[in-house]
Amino acid sequence: MENYNLLDKDLMPKHVGIIMDGNGRWAKKRGLARSFGHKEGMKRVIDIVEASVELDIKSLTLYAFSTENWKRPEEEVSGIMNLLVIFINNELSRLVNNNVKLNVMGDISRLPDLSRNSVEKALLKTSKNTGLILNIALNYGGQTEIVRAAKAIAEEYKEGKLDLDKLDEDSFADYLYTKGQFMPDLIIRPSGELRISNFMLYQIAYSEFYFADVLWPDFSKDEYVKAILGFQKRDRRYGGV
Ligand code: FPP
């Protein structure tokens, strides 16, 4: 049973971002192929999405595949791409029933057809939902996201559709994949690594960071509660006093 009652309902993060790290090490520790770590990691995706719905979090962003992850062995890449298909096949009806709206961050045009088609189906089927926004970062890079925004802005300016005086930190955010959402309050990275790895570089300006020592396949709902509890103890000043 989760310790949800430990949490202060008035201090819940509205947007949580997670760098799901440590699948490979989890598998290696057990003498298994890395793909087993990703498979177990997918189970935690299901748990943490469910917990986020239960805790009435508005946005959950999961870093599933970065623009750099293509450098991994082909077998591992195709394994992760297959898990995405399995996740959608198994979970789509539950996502729909739980009022979860899927949003993709990143360029999915490079994904294998089967994975891309699954993702597009899930986007369509959840598009009218109004509950948790589940952002899945796929072939995503934070710098690329900012450059993409800058290009869209330049394009609009060139077409005379944009008044540069109206462009500020808030309106710039409308050109990001997280358009219309709260900025992440809390970024969680399990596995003990202390890096941001090109994740939501624009959006994390005032995020709190929580680094967990457990590997992602061990990141249970209780670990999630621990991270949120840690967040609730922080004193957020946004540059003020
Ligand atoms: C990082 O661990 C994890 C990934 C690059 C893949 C994450 C994918 C999943 C959890 C599976 C499916 C996702 C969805 C959304 C259905 P790592 O391999 O870098 O671990 P290591 O640092 O221990 O090697």
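The analysis underlying the following values was restricted to heavy atoms, covering all of them including side chains, and did not include hydrogens, waters or symmetry mates. What you see is a predicted model; the values in this text were computed from it and never measured. In listed order, ligands and their atoms are each counted from 1.
Looking only at heavy atoms of the protein, atom 7 (C) of ligand 1 is closest to Ala64 O, 3.4 Å. Summary of contacts: the protein heavy atom closest to atom 9 (C) of ligand 1 is Asn23 ND2, 4.0 Å. Protein heavy atom at the shortest distance from atom 11 (C) of ligand 1 is His38 O, 3.7 Å. Atom 15 (C) of ligand 1 has as its closest protein heavy atom Ile136 CD1, 3.9 Å.
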In a table with atom names and distances, give each donor-acceptor pair under 3.5 Å that connects a side chain of residues 171-183 to protein atoms at least two apart or in another chain.
unit_1	atom_1	unit_2	atom_2	d
Ser171	OG	Lys166	O	3.0
Ser171	OG	Asp168	N	2.9
Ser171	OG	Asp168	O	3.4
Ser171	OG	Asp168	OD1	3.1
Tyr175	OH	Glu156	OE1	2.9
Tyr177	OH	Arg148	NE	3.3
Thr178	OG1	Gln203	NE2	3.0
Gln181	OE1	Ser59	OG	2.7
Gln181	OE1	Asn135	ND2	2.8
Gln181	NE2	Asn135	OD1	3.0

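Close contacts between ligand 1 and Asn69 involve ligand atoms 5 (C) [criterion: under 4.0 Å to a heavy atom]. Per-residue contacts place Met20 under 4.0 angstrom from the following atoms of ligand 1 (heavy atoms of the residue considered): 1 (C), 2 (O), 3 (C), 10 (C). Each of the following atoms of ligand 1 lies closer than 4.0 Å to a heavy atom of Arg72: 5 (C), 17 (P), 18 (O), 19 (O).
Using a 4.0 Å cut-off between a side-chain N of Lys or Arg and a carboxylate O of Asp or Glu, Glu68 and Lys71 do not qualify as a salt bridge. Between Asp185 and Arg236, at least one side-chain nitrogen of the basic residue sits less than 4.0 Å from a carboxylate oxygen of the acidic one, meeting the salt-bridge criterion. At a threshold of 4.0 Å, the pair Glu193-Arg189 does not count as salt-bridged, since none of the basic side-chain nitrogens sits closer than that to a carboxylate oxygen. Ion pairing between a basic and an acidic side chain is recognised when a charged N comes within 4.0 Å of a carboxylate O; Arg34 and Glu75 show no such pairing. Between Asp235 and Lys233, none of the side-chain N atoms (NZ, or NE/NH1/NH2) sits under 4.0 Å from a carboxylate O, so this pair counts as no salt bridge.
In terms of the salt bridge (charged side-chain N to carboxylate O under 4.0 Å, His left out) criterion, Lys28 has no residue partners (sequence neighbours excluded).
For the ligand labelled ligand 1, residue Asp21 lies inside the 4.0 Å heavy-atom shell. Not close to ligand 1: Lys39, with no non-hydrogen atom less than 4.0 angstrom away. Within the structure, ligand 1 has Arg34 among the residues with a heavy atom less than 4.0 angstrom away.
Between Tyr210 and Phe231, a ring centre-to-centre spacing not shorter than 6.0 Å is recorded.
Between Phe87 and ligand 1, not a single N/O pair is under 3.5 Å apart. Of the polar atoms of Gly24, at least one N or O is found under 3.5 Å from an N or O of ligand 1, judged by distance alone. The shortest N/O to N/O separation between Trp26 and ligand 1 does not fall below 3.5 Å.
Judged by a 6.0 Å distance limit and a 45° cone about the ring axis, Arg72 is not positioned over the six-membered ring of Trp70.
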